[in-house]
Student: 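Here's a structure for you.
All values below come from the heavy atoms of this structure, side chains included, with hydrogens, waters and symmetry mates left out. As the structure lists them, so they are numbered: ligands from 1, and atoms in each ligand from 1. Here the structure is a predicted model, which means the values were calculated and not measured.
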Amino acid sequence: MPSLEGKVAIVTGGRRGIGRAIADGLAAEGAKVAILDVVGAEEAAAAYDGGVGLAGDVSSEMDSARMVEAVASRFGRIDILVNNAAIFATLTMKPFTEIALDDWRRVLEVNVGGVFLMCRAVVPHLRQQGGGKIVNISSGTFFRGVPFMLHYVTSKAAVIGLTRALARELGPDHICVNAIAPGYTVTEATLEHDEAHARVGAVSVNARALKREQRPEDLVGSALFLCGPGSDFVTGQTFAVDGGAHFQ
Ligand SMILES: NC(=O)c1ccc[n+]([C@@H]2O[C@H](COP(=O)([O-])OP(=O)(O)OC[C@H]3O[C@@H](n4cnc5c(N)ncnc54)[C@H](O)[C@@H]3O)[C@@H](O)[C@H]2O)c1
């Protein structure tokens, strides 16, 4: 029997890229999948038997609560939350002195505030079921301290802090909270920015023990483990899934 049969999973930012690969994996393991995204959620979710796609902004208190309630009323339960939505590839690398305050705030608002709001909306449902899984997508840029993306790297560091503190807070409720830190991954989003992709892509491959490009599919095994029963005694952890670029 598929390991996630009967479970209901939410994947934010799941219309494409890493989120989509994880959503595909969850559906293949038998979970009912809800994709929440600013655009394209319905089309993406149509690929799944009983899939639900909802349009909204995870950084909006109203949207996050509305989308989570819609999933709960459609399926009657929520078991898994994958916080993958973020502002990433659209960001231009620049010295931190040139980052506009509005851009700084927006990145933190979506990449951290969105995770906070989604957790806040979903946790009451996980508690009601007696447990659940939260998986937050951070980034290997945190380990390397990648320069010229200070807002982004700071936001992904915050995701790790949030993961650890929330894991302790929710442990008594049997809710596991973990993070995945992907290395530079070739996705639709990175391919839209060809010049940066060529530069960062080559550097990333060289820095790995396993010398090849990272693909969204490379994240699926760890995500399924952290969403499934095999990780019931694993919480507060950050898995570096990056072909051996960093050893923790
Ligand atoms: N691709 C990489 O190299 C890489 C490396 C490390 C971490 N990551 C992280 O992986 C995740 C997915 O990245 P990706 O490369 O697939 O990029 P992507 O841009 O394709 O994925 C992000 C998704 O989030 C959605 N989104 C953005 N803001 C949103 C909001 N406010 N509300 C709801 N949805 C929103 C986008 O529409 C998009 O579908 C991100 O968290 C990113 O930071 C990516």
Side-chain angles (χ1 to χ4, degrees), residues 10-24 34-45 53-68 81-91 93 103 105-118 121 135-144 146 149 151-160 162-163 179-193 196-205 207-208 213-220 222-223 238-243 245-246:
I10 291 177
V11 182
T12 70
R15 76 181 158 105
R16 66 178 192 178
I18 291 172
R20 181 63 186 269
I22 293 173
D24 286 352
I35 289 182
L36 278 45
D37 209 310
V38 277
V39 287
E42 261 187 67
E43 294 88 316
L54 295 162
D57 176 351
V58 293
S59 73
S60 150
E61 189 169 20
M62 222 166 60
D63 280 8
S64 54
R66 170 183 55 80
M67 293 189 289
V68 169
L81 168 63
V82 179
N83 282 307
N84 165 80
I87 298 177
F88 163 54
T90 51
L91 298 170
M93 294 181 88
D103 292 345
R105 286 190 173 133
R106 186 63 189 143
V107 169
L108 273 289
E109 189 175 34
V110 173
N111 296 11
V112 189
V115 176
F116 160 67
L117 287 172
M118 285 300 302
V135 177
N136 299 321
I137 305 302
S138 177
S139 164
T141 57
F142 164 72
F143 298 119
R144 278 180 55 214
V146 169
M149 291 182 88
H151 40 6
Y152 178 76
V153 179
T154 302
S155 74
K156 292 299 184 179
V159 167
I160 293 177
L162 181 155
T163 297
I180 294 175
Y184 185 77
T185 306
V186 181
T187 64
E188 291 94 325
T190 59
L191 290 172
E192 279 166 13
H193 298 80
H197 167 67
R199 209 161 9 103
V200 181
V203 171
S204 303
V205 170
R208 290 178 184 140
E213 281 187 336
Q214 180 162 352
R215 303 263 164 200
E217 304 74 59
D218 292 316
L219 280 316
V220 176
S222 329
T238 299
F239 283 14
V241 181
D242 59 7
H246 308 100

Student: Starting from atom 21 (O) of ligand 1, find the nearest protein heavy-atom neighbour and note its residue, name and distance.
Tutor: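 Atom 21 (O) of ligand 1 sits closest to the protein heavy atom G13 O, 4.3 Å.
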Student: Does a donor on one side chain and an acceptor on the other come within less than 3.5 Å for R66 and S60?
Tutor: no
Student: The criterion is ring pair (Phe, Tyr, Trp, His ring centres under 6.0 Å); which residues satisfy it with F143, sequence neighbours excluded?
Tutor: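 With neighbours one apart ignored, the set is H246.
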Student: Got the closest protein heavy atom to atom 17 (O) of ligand 1, with its distance?
Tutor: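 Answer, as residue, atom name and distance: A189 CB, 3.5 Å.
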Student: What's the shortest distance from atom 40 (C) of ligand 1 to any protein heavy atom, and which residue and atom give it?
Tutor: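 Here the closest protein heavy atom is N84 O, 3.2 Å.
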Student: Just to confirm my output: which protein heavy-atom neighbour is closest to atom 13 (O) of ligand 1, and how far is it?
Tutor: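 For atom 13 (O) of ligand 1, the nearest protein heavy atom comes out as I18 CD1, 4.2 Å.
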Student: Return yes if some donor-acceptor pair links the side-chain N/O of D242 with the main-chain N/O of A181 below 3.5 Å, else return no.
Tutor: no
Student: Which protein non-hydrogen atom lies closest to atom 28 (N) of ligand 1, naming both residue and atom, and how far is it?
Tutor: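 Of every protein heavy atom, V110 CG1, 3.9 Å lies nearest to atom 28 (N) of ligand 1.
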Student: Which residue owns the protein heavy atom closest to atom 43 (O) of ligand 1, what's the atom, and how far is it?
Tutor: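 Of every protein heavy atom, Y152 OH, 2.6 Å lies nearest to atom 43 (O) of ligand 1.
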Student: Give me the nearest non-hydrogen protein atom to atom 22 (C) of ligand 1 as residue plus atom name, then the distance to 0.1 Å.
Tutor: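 Here the closest protein heavy atom is A86 O, 3.8 Å.
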Student: Looking only at non-hydrogen atoms, which of D37, D63, N111 approaches atom 26 (N) of ligand 1 most closely?
Tutor: D37
Student: Checking N84 side chain against G13 main chain: does a donor-acceptor pair fall under 3.5 Å?
Tutor: yes
